[in-house]
Amino acid sequence: MLMICGMYQLFGKAFVTVQGERLPGLGILDVTTQGNEKRMIGPIVLSTDHGDVVGYENHSGSTTLGAGQAPFGRVRHGMGNNGTDGTEGAVTGHVIGSYLHGPILPANPRLADTLIGWAAERATGRAFEPEQLDDEVARQAHTRQVRRLVG
């Protein structure tokens, strides 16, 4: 599952509003989000287990990871979960939460193949091997974004 922005927050333990009201989450990811007046907006580049991941973040929540919670990635450019700890998103098993809005899957074919693979393996019980597709346009866009933002 790929949960983006508000769904990422919902899959966490809690969301605390700007006014201080604590709203419970589903607790699938060990994260807690604090609402803020200030938004974190802009292009972002992460180092992840799926290679560099590029995207665009637009959120006002500051999310902190629980002690044992793995991040989805490490921020190379951008704000990430909270603008201070260098993490972005969270991953537990085959659940990924992230603030990377579109086009996260078209811009990151390796991540898209991973998600398709997880679903196909679950459905069939067999290992998934993606077909060779012409990802050249996506690869060029991805490479350009990484080079533009982090050199």
Side-chain angles (χ1 to χ4, degrees), residues 1-125 128 130 135 138 141-151:
M1 297 183 85
L2 177 61
M3 306 293 112
I4 302 297
C5 205
M7 288 297 290
Y8 169 35
Q9 296 167 352
L10 177 65
F11 271 54
K13 287 187 167 186
F15 181 91
V16 182
T17 68
V18 175
Q19 295 79 21
E21 181 181 0
R22 185 177 180 88
L23 306 171
L26 298 175
I28 294 168
L29 299 169
D30 186 8
V31 302
T32 301
T33 302
Q34 171 67 53
N36 297 310
E37 298 288 340
K38 177 185 167 218
R39 297 195 71 76
M40 292 175 255
I41 301 173
I44 185 168
V45 178
L46 309 176
S47 293
T48 76
D49 291 344
H50 312 283
D52 285 337
V53 171
V54 299
Y56 193 84
E57 62 184 328
N58 182 357
H59 58 101
S60 61
S62 281
T63 300
T64 54
L65 305 178
Q69 177 64 62
F72 171 51
R74 297 282 171 192
V75 177
R76 295 181 61 200
H77 177 87
M79 300 296 286
N81 279 331
N82 52 47
T84 58
D85 69 6
T87 66
E88 201 293 316
V91 61
T92 297
H94 291 166
V95 175
I96 298 172
S98 176
Y99 284 119
L100 274 70
H101 292 265
I104 188 172
L105 295 178
N108 300 285
R110 188 170 162 192
L111 175 61
D113 286 346
T114 296
L115 292 170
I116 292 166
W118 288 345
E121 289 170 11
R122 170 104 178 165
T124 66
F128 173 77
D135 285 335
H142 181 273
T143 299
R144 181 179 179 276
Q145 183 79 335
V146 172
R147 284 185 184 149
R148 184 174 72 85
L149 297 173
V150 296

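One is the number of the first residue; the rest follow in order along the sequence. Heavy-atom basis, side chains included; hydrogens, waters and symmetry copies ignored.
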Practice prompt. Verify whether one side chain among E37 and S60 offers a donor that lies under 3.5 Å from an acceptor in the other.
Written response: no

With a 3.5 Å distance limit and no angle check, can you tell me whether Q69 reaches the backbone of V91 through a side-chain donor-acceptor pair?
yes

Is the ring pair H50/W118 parallel, tilted or perpendicular, if the boundaries are 30 and 60 degrees?
perpendicular

So NE2 of H142 and CG of N108: to nearest 0.5 Å the spacing works out to 4.5 Å

Open item on the list: Would Q9 and Y99 count as a side chain to side chain donor-acceptor pair (under 3.5 Å) here? Give the steps.
Closed with: CA-CA 9 Å; Q9 296 167 352; Y99 284 119; 2.9 Å; yes

Tightest non-hydrogen contact, residues M40 and G80, listed as SD-O, 4.2 Å

### Task
Please check if atom CZ in R39 has more than 12 non-hydrogen atoms from other residues, nucleotides or ligands closer than 6.0 Å.
yes

Between the CG atom in L23 and the CZ atom in F15, the distance rounded to the nearest 0.5 Å is 7.5 Å

Determine whether F72 and D49 satisfy the following criterion, side-chain contact (heavy atoms from CB on, under 4.5 Å), listing intermediate values before the conclusion. CA-CA 8 Å; F72 171 51; D49 291 344; over 6 Å; no

Tightest non-hydrogen contact, residues F128 and G117, listed as CD2-CA, 3.2 Å

**Prompt:** With distance as the sole test, does N82 use its side chain to make a donor-acceptor pair with the main-chain N or O of D85 at under 3.5 Å?
**Reply:** yes

The single option from T87, T33, N81 that satisfies side-chain hydrogen bond (donor to acceptor under 3.5 Å, both in side chains) with T63 is T33

- Message: Evaluate I96 against M1 for side-chain contact (heavy atoms from CB on, under 4.5 Å), listing each step before the verdict.
- Response: CA-CA 6 Å; I96 298 172; M1 297 183 85; over 6 Å; no

Working for side-chain contact (heavy atoms from CB on, under 4.5 Å), residues L149 and Q145: CA-CA 6 Å; L149 297 173; Q145 183 79 335; 3.7 Å; yes

Taken to the nearest 0.5 Å, the spacing of S62 OG from K38 NZ works out to 8.0 Å

Note to self: Between H94 (side chain only) and L115 (backbone N and O only), is there a donor and an acceptor less than 3.5 Å apart?
What the structure shows: no

**Item:** Flag, side chain of T48 to backbone of G51, donor-acceptor distance under 3.5 Å
**Value:** yes

Note: S47 and D52 closest approach over all heavy atoms is OG-OD1, 3.8 Å

d(D30 CG, L65 CG) to nearest 0.5 Å is 8.0 Å

Closest non-hydrogen atoms of P106 and A138, given as atom of the first, atom of the second and distance, are O-CB, 3.5 Å

E57 side chain vs G78 backbone, donor-acceptor pair below 3.5 Å:
no

Between H77 and the options V146, V150, I44, V54, the side-chain contact (heavy atoms from CB on, under 4.5 Å) test singles out V150

Rounded to the nearest 0.5 angstrom, the CG-CD1 distance for N58 and I4 is 12.5 Å

Practice problem: Could you check if a side-chain atom of C5 sits within less than 4.5 angstrom of a side-chain atom of H101, using non-hydrogen atoms only? | Solution: yes

query: Stepwise, does the side-chain contact (heavy atoms from CB on, under 4.5 Å) test hold for R22 with T17?
result: CA-CA 7 Å; R22 185 177 180 88; T17 68; over 6 Å; no

V75 vs M79 side-chain heavy atoms within contact, under 4.5 Å | no

Rounded to the nearest 0.5 Å, the OH atom of Y8 sits from the CG atom of L29 at a distance of 7.0 Å

